[in-house]
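First the proteins, then the strands, lettered A, B, ... as listed; each starts at 1.
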Amino acid sequence: ISTHPLGNIEDMVYVGNITIGTPPQKFQVVFDTGSSDLWVPSISCTSQFCSSHALFRHLESSTYWPTQKTFSIEYGSGRMKGVVAHDTVRIGDLVSNDQQFGLSLEHSGFKGMPFDGILGLNYPNFSFTGGTPIFDNLMNQGAISEPVFAFYLSKSKLEGSVVMFGGVDKSYYQGALNWVPLIQAGDWRVHMDRISMEGQVIACSGGCEAIVDTGTSLIHGPRRLLNKILSFIGATPRGSKHYVSCSAVNTLPSIDFTINGINYTLPAQAYAIKDSTGDCYIFFKQIRASRTTETWILSDVFLRQYFSVFDRGNDRIGLAQAV
Amino acid sequence: CIVKIPLTRVNIMRKTRSEKNMLNDFLKKHAYRLYLTSSPGSN
């Protein structure tokens, strides 16, 4: 028998389990620092998305209570509508009583996605359901010892990744944990000094903004500047993606993201991934350019290299070399 | 006092070919971007 490794290109979403209700009903959710709401599909949902996912059966929960409020959220990857409800939500041993959350009834764009719902970990001002996000509730209810959470996204293994609440386990990173203040309390967005390759500033030359987002898989940046980087790498477009020869990946330059005076290096092996056809494509995607601000999204591609700490107590993000 | 939740890096390669093709189409358009496109109250 001859065995060959397979490239796992769509291996890009990190999900974890939570439960809602009494007795608990289990859901697989994305822990997303880019949004603030928790939602899962309702048993009343008729979308195609709901036919293949865990659905919340509100009549089976003794701690459930409904509201008259409706909500809708539009994500970059789809939109959904639903109703707002309250129930007990458990993340591991953490319990958030009377947690407001969304029960989705209609979806568009999420078809085939390997998660039941999304658990937003951004600040309350991004809440579309209008309630207190789960992390704020956990802080307010005194359920966590420190108002921080942190992500370790494993590079190669299907398992081994964790999100931790209430403190930081130092065994997941090496070297110093560097703190970066948020541009403004209320969004996990920091100032970035520049992006450079081989010592040459290639983007963000006058400084720019970086959103640190665990719910996004690829590095996103403005089209013109991404094209500059892709040209520097020598990537060629094919469909909507850009490819390089896999044999050349080891010779491609690293990309340095300088944040708060510290270089965070992304080696080519992190941003060029072999796909199922045996070619290597670049894990970058265009973002619609803002007229005023140059914005980049530092996503899972970046966070696999760097352990990240989200400190609500001090409105800052910590980054360190992941083990 | 740290609560750790294991995360699974979802292996979509195990899914059927049709699901995978559907996902590829989806990725071409969206690439799993969950970041919000609007802000609360913008509607």
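- Within 6.0 Å of atom CG in A:Asp169, more than 12 heavy atoms from other residues, nucleotides or ligands are found, so the atom counts as buried in its surroundings.
- Test A:Val162, A:Ile18, A:Ile91, A:Leu119 against B:Ile5 for side chain to side chain contact (heavy atoms under 4.5 Å, CB included) and you get one pass: A:Ile91.
- Only the side chain of A:Phe31 has a heavy atom closer than 4.5 Å to any heavy atom of chain B.
- Proximity to chain B (any heavy atom under 4.5 Å) is restricted, for A:Asn17, to the backbone atoms N, CA, C and O.
- Considering A:Thr214, A:Leu153, A:Val15 in turn, A:Leu153 is the only one that fulfils the side chain to side chain contact (heavy atoms under 4.5 Å, CB included) rule with B:Leu7.
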key: Stepwise side chain to side chain contact (heavy atoms under 4.5 Å, CB included) test for B:Val3 and A:Ile144   = CA-CA 8 Å; B:Val3 173; A:Ile144 47 175; 5.8 Å; no

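- In A:Lys69, the NZ atom is crowded: over 12 heavy atoms of neighbouring residues, nucleotides or ligands sit closer than 6.0 Å.
- Residues forming a ring pair (Phe, Tyr, Trp, His ring centres under 6.0 Å) with A:Trp188 (at least two apart in sequence, or on another chain): A:Tyr123, A:Phe149, A:Phe310.
- Only the side chain of A:Tyr172 comes within less than 4.5 Å of a heavy atom of chain B; its backbone N, CA, C and O stay farther away.
- The contact between A:Val168 and chain B is made entirely by backbone atoms, counting heavy-atom distances below 4.5 Å.
- For chain B, the option among A:Gly92, A:Ser145, A:Gly166, A:Ala150 with the highest count of heavy-atom pairs below 4.5 Å is A:Ser145.
- Distance check: A:Phe165 CZ to B:Ile2 CD1 gives 12.0 Å after rounding to the nearest 0.5 Å.
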